[in-house]
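Worth saying up front: this structure is predicted, and the values here are computed from it rather than measured.
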Amino acid sequence: LDSDYIRRMKETFSDGHEIITSYRNSKNYGDNWISAGYALWFLRESRYLNHARHLLGTSCAVSGTGFLFSHAVLEEMGTWPFHLLTEDIELNKTWALTSSADIVLCLNGHKVTPSTSFKGRAYSTTNAVATVVNISNCSAKEAGFFGFENTASTGGAAIFVRPAGTLNAFDVTFKGNTAKGGGGALLCTGTANLYDCDFIENATTGTGDGAAILNNYTTISEVKYNGYVSVYGGSFVGNTSARHGGAIVNPANTTLYVE
């Protein structure tokens, strides 16, 4: 158990959440195939199930140990009605069907980092495919992998919104991302709507423009795509560009809306 586990769970609980699940890992991964299997299962749940749901603002899943719920949950259900080996799954389903509140994830101070298949970039939409990505409440405090300390050999170290793609980001912190191309944190040739997002200490190196955001354009199969970025609130602090645009670069043919 991490030394500050209880404190971090309390912090998340104090934010007003009724049920909280947590990051789990194994101390003896290499002992045998059984311990390795359990460790991979824990990581899968933390990274691909709960963390993804947490970033998208949907309910996480309680599984096994390492979760917390308030006394109000018992009062709302009237009792603890789950007595099978699958009581964690029963709790998930019952809470999802009877309550408007979500089960949330506490990372206990750990990072969930991008896989090598991303080649350093945390997320990229698909070229000329109408993909919509929604990210919410991913902050430096929890060190989520969307937009936190990523690197890219080209542009958009945290996120690359390609043509026809759409990003909706709510209360997301992009911090410490570095790209050799344009857009230290975000490169957009599609549509990006940013609500109360903070861009902190992002950078471009080499020939990169737009330390935080590069709103760009491109042509695919003779079809022109122009980037559209809207910024509602948020902040740009300590971003550094190798060339132009300490915060945002918005070239001709693209649209930038700031409110």
Side-chain angles (χ1 to χ4, degrees), residues 55-57 113-114 118-140 142-218 225-259:
L55 294 179
L56 295 174
T113 56
F118 283 120
K119 296 182 180 179
R121 178 181 291 129
Y123 191 81
S124 173
T125 61
T126 305
N127 259 341
V129 175
T131 305
V132 178
V133 177
N134 300 304
I135 309 173
S136 64
N137 302 114
C138 174
S139 67
E142 290 296 343
F145 75 80
F146 276 108
F148 189 86
E149 294 181 355
N150 302 289
T151 60
S153 58
T154 54
I159 299 179
F160 183 6
V161 183
R162 296 180 184 270
T166 299
L167 167 69
N168 298 311
F170 305 86
D171 190 23
V172 178
T173 297
F174 298 84
K175 182 177 180 180
N177 303 285
T178 303
K180 292 183 180 179
L186 173 63
L187 172 58
C188 180
T189 52
T191 300
N193 302 305
L194 310 172
Y195 303 87
D196 295 316
C197 294
D198 298 313
F199 291 81
I200 303 171
E201 297 174 2
N202 301 286
T204 58
T205 60
T207 59
D209 291 329
I213 301 173
L214 174 57
N215 188 24
N216 214 345
Y217 57 91
T218 190
Y225 296 89
N226 299 319
Y228 178 92
V229 174
S230 60
V231 180
Y232 301 88
S235 64
F236 294 82
V237 179
N239 302 286
T240 306
S241 174
R243 297 206 319 168
H244 310 297
I248 304 174
V249 165
N250 187 67
N253 303 318
T254 63
T255 301
L256 173 65
Y257 178 82
V258 179
E259 181 178 305

| request: Check step by step if side chain to side chain contact (heavy atoms under 4.5 Å, CB included) holds for T204 and D209. | output: CA-CA 7 Å; T204 58; D209 291 329; over 6 Å; no
| message | Within the 3.5 Å criterion, strictly below it, is a donor on N253 or N226 matched to an acceptor on the partner's side chain? | response | no
| said: One pair to check against side-chain hydrogen bond (donor to acceptor under 3.5 Å, both in side chains): T189 and N216. What are the steps and the verdict? | reply: CA-CA 5 Å; T189 52; N216 214 345; over 6 Å; no
| remark: Closest heavy-atom pair, V249 versus H244, reported as atoms and distance to 0.1 Å, is CG2-O, 3.3 Å
| query | Side chains of D198 and V237: does their closest heavy-atom pair fall under 4.5 Å? | reply | no
| request: Measure the CD-OG1 distance between E201 and T178 for me, rounded to the nearest 0.5 Å. | output: 10.0 Å
| Looking at OH of Y217 and SG of C188, how far apart are the two atoms once the value is rounded to the nearest 0.5 Å? | 14.5 Å
| field | Audit row: Y228, T254, side chain to side chain contact (heavy atoms under 4.5 Å, CB included) steps and yes/no | value | CA-CA 6 Å; Y228 178 92; T254 63; over 6 Å; no
| remark: Tightest non-hydrogen contact, residues L214 and P251, listed as CD1-CD, 4.5 Å
| query | Got a second to check how far I213's CD1 is from I248's CD1, nearest 0.5 Å? | reply | 4.5 Å
| query | Considering all heavy atoms of both residues, which atom of G246 and which atom of A211 are nearest to each other, and what is their separation? | reply | O-CB, 3.1 Å
| Listed partners of Y195 passing ring pair (Phe, Tyr, Trp, His ring centres under 6.0 Å), at least two apart | F170, Y232
| field | Point-to-point distance, once rounded to the nearest 0.5 Å, from CZ of F174 to CD1 of I200 | value | 11.0 Å
| Is the side chain of N215 donor-acceptor paired with the backbone N or O of T255 at a distance under 3.5 Å, no angle test? | yes
| Minimum heavy-atom distance between S241 and G210, given as atom pair plus value | OG-N, 3.8 Å
| task | Check whether any side-chain heavy atom of L194 sits under 4.5 Å from a side-chain heavy atom of V229, and report yes or no. | result | yes
| What is the minimum heavy-atom distance between F199 and L186, and which atoms define it? | CE2-CB, 4.4 Å
| said: Checking the side chain of N239 only, and the main-chain atoms of A247 only, is there a donor and an acceptor separated by less than 3.5 Å? | reply: no
| request: Using side chain to side chain donor-acceptor pair (under 3.5 Å) as the criterion, point out the one residue from T191, N193, N168 that pairs with S230. | output: N193
| task | Over all heavy atoms of both residues, which pair between A164 and Y225 is shortest? Give the atoms and the distance, please. | result | N-CD2, 4.1 Å
| said: Can you confirm whether V161 sits close enough to L187 that some side-chain heavy atom of one is under 4.5 Å from a side-chain heavy atom of the other? | reply: no
